[in-house]
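Data block below; observations after.
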Protein chains: 2
Amino acid sequence: MAESMFSEISTTDLVTQISRQITEAIVTGRLKPGARLTELQLSREFGTSRAPVREAARLLESQGLVVFSPRRGFFVRTLTAVDLRDIYELRIGLELHAASLALERIGQAEVAGLERQIEKLYRLADAGSAESQIFEDFAFHRMLCAASHNARLVKVYDELATEMRAGITLIGKLYDDPHRIAKTHEPIVAALKRSDRKELLGALRDHITVAQEAVVALFHGIEKDATDAQNGPIWHCG
Amino acid sequence: MAESMFSEISTTDLVTQISRQITEAIVTGRLKPGARLTELQLSREFGTSRAPVREAARLLESQGLVVFSPRRGFFVRTLTAVDLRDIYELRIGLELHAASLALERIGQAEVAGLERQIEKLYRLADAGSAESQIFEDFAFHRMLCAASHNARLVKVYDELATEMRAGITLIGKLYDDPHRIAKTHEPIVAALKRSDRKELLGALRDHITVAQEAVVALFHGIEKDATDAQNGPIWHCG
DNA sequence: GCGGTGCCGATTGTCGACAAATTGACAATT
DNA sequence: AATTGTCAATTTGTCGACAATCGGCACCGC
C-alpha cells in the first residue's frame, strides 16, 4: 500500500474545464435560465473551437443543467417550482437513507469532521458571505452522505446539490438567520453520535423539509412574477 | 395552462442514437467491461465521423457506463461487487421513498397498470426469455417509481436500472424460478392498495434485498474467477 | 538473461470548413 | 389587418486533417 511519492499530474481535460466553467456560470446566476448557449460565442470566450464546447454541453445536458433541442442548440434549463419540489423531495429520501447507513458505518474521524463543519458554519454565520454559507452548508450534508460509504449515493447527491444551488441562486437570498441554520445541524450530529436512529431521521427530515418549503414557496413567487411580466427576466440572456 | 395539442416531433439525434446503441451493447454484454471504445472503429461501424461518437461517449461517461481516461480514451466501466452493492443499496433507499410517496399520490390507473404488469410477469415466467423477464421486472419497478410522481426520482432510477442490467448480464443468469419472482411482486401491490405503509415498505425492502444479495454473491464469484485466471475475460475486447 | 532506452504505429485532442436547418424580418396577397 | 411566402443571416451537424501523445517493440548495455 505504499503511497506514491508524487501527486498525480492533473491533466485537466479541456472539456472538463469548460463544463466546470459553464456549470459555475449557471449556479452563480451569470447564465440565466432559458439563456441560449451559442457554440460559437462560447468557443470564442474560451479561446477554443466548437468541438470541446459541444462535448462539455452534452455533459451538462445529461446532468440536467442544460437542455438540448436538436438543430436549435443548448439552453440553460428553466427550473420550475415542481422541479425544485421534486429535487428536495428526492434529497430527503436520499439523505435519510444515507444517514441510516451512516449509523452503521461512520467512523470517528468522520464524526469529528461533521462537528468541525458545524463550527465552520457558526464562524461564517458571524462573518461570511451568503454564498459561502450555502456552500459550506451543502458541504456538511455531503459529508453526511459520504459517511454512508456509498459512492453511488454521493454521486447523486452531488448532482442534486448542483441543481439546488442553481435554484437558490435564482431566488436571491435565503438565509434569514444563518446562526439559527447552523444550530439546526447540531441535533443531527448529536443523534448520530448517540446512534439514535429515530431522532436522527426525524431531525434530518425536519431540517430538509424546512429548506424545501422555503425554497419552493419563494420560487412560486418568482414564477408568479415571471408570468406577470409577460416577457420576464427569466428569458433574458445577458 | 392549455396543453399543446400535438406532441413534439421526435427528431432522432444522431448522438442520441449512437449513445443508445452503445448502451445496448454494454447492457447486453456485447461490449465487455474494460473493453476499449476506439473512436475510429466505432465511427466506422456507425458510418459517421468521430465527433458524434465522442459526444455520445461523453454522455455515457457521465452516466457511469463508461470511464474516460484523458489521452487514452473511453473504456467500458468494470463493475465491482462493491459497485453493485452500492447500486442496489441506493435503489432500496430510492424505491422505498418512491413507494412511500406513491401511497399518497398513486392513481387508480397506475395501480391497474402495476397489476397488469404482474400478469405479464406470470405469462413470461411460463414462456419468455430470461432477458424479457428481467426487462419487464425492471419495468414494474419503474412504474412503481413513476407512481411517486417525482420525475427527478425516476431519472435516477433509470440510470440505476441500466447499471443493474449491465451487472446482471455479466453474471449470466439469475432467475432460478421466474414464477416465484413474479409472485413476490404481489404483496407489494396488495399493500399499496390497502395503503399499508409498513407492509409495503417491508415487502419492497425484502424483495430488493433478496435481489441484491443474489447479485452481489454471484458477482463475488465472478471477480474470484477473474482473479484466478490471471488475464480473465474481463479485459477481452472481442 | 534483464532492466532501461529510444523509436514507430496507432489513437486522441483540437481545429477549421462546408452543408443543412432554423430564425426573424420583410414583402406580397387575400 | 392578418396571414402567408420568401429570403438572408445566423447557427448547428458533421466531416476530414493535422499535431500531440500513448503503448508496445526492438535494441542496447550490463
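In what follows, chains are A, B, ... by sequence order, proteins preceding strands, each numbered from 1.
- Applying the ring pair (Phe, Tyr, Trp, His ring centres under 6.0 Å) test to every pair with at least one member in residues 12-71 of chain B, sequence neighbours left out, gives these pairs: Phe68(B)-Phe74(B).
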Can you give each donor-acceptor pair under 3.5 Å made by side-chain atoms of residues 152-161 of chain A, sequence neighbours left out, with the distance rounded to 0.1 Å?
from	atom 1	to	atom 2	distance (Å)
Arg152(A)	NE	Glu163(B)	OE1	3.4
Arg152(A)	NE	Glu163(B)	OE2	2.8
Arg152(A)	NH2	Glu163(B)	OE2	2.8
Lys155(A)	NZ	Ser62(B)	O	3.2
Tyr157(A)	OH	Phe138(A)	O	3.2
Asp158(A)	OD1	Arg142(A)	NE	2.8
Asp158(A)	OD2	Arg142(A)	NE	3.4
Asp158(A)	OD2	Arg142(A)	NH2	2.9

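- For Gln63(B), there are no side chain to side chain donor-acceptor pair (under 3.5 Å) partners at least two apart in sequence or on another chain.
- Partners of Glu89(A) under the side chain to side chain donor-acceptor pair (under 3.5 Å) rule, at least two apart in sequence or in another chain, are Arg105(B), Asn150(B).
- Legend: residues meeting side chain to side chain donor-acceptor pair (under 3.5 Å) with Thr80(B), ordered by chain and number and at least two apart, are Asp83(B).
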Report each atom pair, protein N/O against N/O of nucleotides 12-16 of chain C, whose distance is under 3.5 angstrom.
from	atom 1	to	atom 2	distance (Å)
dT12(C)	OP2	Glu39(B)	N	3.4
dG13(C)	OP1	Arg71(B)	N	3.1
dG13(C)	OP2	Arg54(B)	NH1	2.4
dG13(C)	OP2	Arg54(B)	NH2	3.0
dG13(C)	O4'	Arg71(B)	NH1	3.2
dG13(C)	N7	Arg50(B)	NH2	2.9
dG13(C)	O6	Arg50(B)	NH1	3.1
dC15(C)	OP2	Ser49(A)	N	2.5
dC15(C)	OP2	Ser49(A)	OG	3.0

